[in-house]
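Counting starts at 1 for both ligands and their atoms, in listed order. Please read these numbers as outputs of a predicted model, since none were measured by experiment. Sequential numbering from 1 along the given sequence is applied to the chain's residues.
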Amino acid sequence: MTIYFYKVWQPYGCFSNFSPHHIEIQGQYWLTVEHYYQAQKFVGSVDAVIIPMIRACETPEEAAAMGRCSSRKLRPDWDLVKTTVMREAVLKKFLTHADIRETLLSTGNEVLVENSHCDYFWGCGADKTGQNHLGKILMSVREEIRKQQFLTAISSECLENRG
Ligand SMILES: Nc1c(N[C@@H]2O[C@H](COP(=O)(O)O)[C@@H](O)[C@H]2O)[nH]c(=O)[nH]c1=O
């Protein structure tokens, strides 16, 4: 059965980028994945001064509003890099926080869908025809973590057998 998520307070809210789970990337602390994602829009852009301001936002809603400000200039390669940026941050989130990692793994092979009515790129959009890139990233992160755990289990078993 497909698992739909969107708002933090709804079922599977920890899959939202707005969930209160910090990440650390290149020695910098980000309150949520959303803070990191919105700030990366301006790396190398003439409006890079906004990055520390986005990082300092108290809520992901504020960070998103700042990052979505249409008068600011986005980095020129943003459309090319945004899914890579998002995947790195989402992977980091689930590697950092064991409780939500278990929630993600507990979804098995179910399809995960960001049920955003207005976002046809990260979510499924109002008519469910959207590209659902956030759901796809979560499923690929789930697979990567599963593989990592399998390899760790195999190598510790080998070490014990050599023991
Ligand atoms: N969850 C969630 C949203 N969805 C998130 O918005 C981000 C896309 O932003 P942008 O590329 O600036 O349009 C991405 O992280 C997507 O998952 N948006 C919201 O306004 N509220 C919310 O609770």
| Do E110 side-chain atoms and M1 backbone N/O form a donor-acceptor pair below 3.5 Å? | yes
Solution key, residues 86-101 side-chain donor-acceptor pairs under 3.5 Å, sequence neighbours excluded:
{"residue": "R87", "atom": "NE", "partner": "S140", "partner atom": "OG", "Å": "2.8"}
{"residue": "R87", "atom": "NH1", "partner": "E144", "partner atom": "OE1", "Å": "3.0"}
{"residue": "R87", "atom": "NH2", "partner": "S140", "partner atom": "O", "Å": "3.4"}
{"residue": "R87", "atom": "NH2", "partner": "S140", "partner atom": "OG", "Å": "3.1"}
{"residue": "R87", "atom": "NH2", "partner": "E144", "partner atom": "OE1", "Å": "2.7"}
{"residue": "E88", "atom": "OE1", "partner": "Y36", "partner atom": "OH", "Å": "3.2"}
{"residue": "K92", "atom": "NZ", "partner": "E24", "partner atom": "O", "Å": "3.1"}
{"residue": "K93", "atom": "NZ", "partner": "C14", "partner atom": "O", "Å": "2.8"}
{"residue": "K93", "atom": "NZ", "partner": "S16", "partner atom": "O", "Å": "2.8"}
{"residue": "K93", "atom": "NZ", "partner": "S19", "partner atom": "OG", "Å": "2.9"}
{"residue": "T96", "atom": "OG1", "partner": "K92", "partner atom": "O", "Å": "2.6"}
{"residue": "H97", "atom": "NE2", "partner": "H22", "partner atom": "O", "Å": "2.8"}
{"residue": "R101", "atom": "NH1", "partner": "F94", "partner atom": "O", "Å": "3.1"}
{"residue": "R101", "atom": "NH1", "partner": "L95", "partner atom": "O", "Å": "2.9"}

| query | List by chain and number: which residues place a heavy atom under 4.0 Å from ligand 1? | reply | Y6, K7, S16, N17, F18, E34, Y37, Q38, K41, R68, M86, E114, D119, W122, L134
| query | Does atom NZ of K73 have more than 12 heavy-atom neighbours, drawn from other residues, nucleotides or ligands, at distances under 6.0 Å? | reply | no
| Flag side-chain contact, heavy atom, 4.5 Å: L112 against F15 | yes
In a table with atom names and distances, give each donor-acceptor pair under 3.5 Å that connects a side chain of residues 3-10 to protein atoms at least two apart or in another chain.
{"residue": "Q10", "atom": "OE1", "partner": "K7", "partner atom": "N", "Å": "3.1"}

With a 3.5 Å cut-off and sequence neighbours excluded, list the donor-acceptor pairs that the side chains of residues 64-72 form with protein atoms.
none

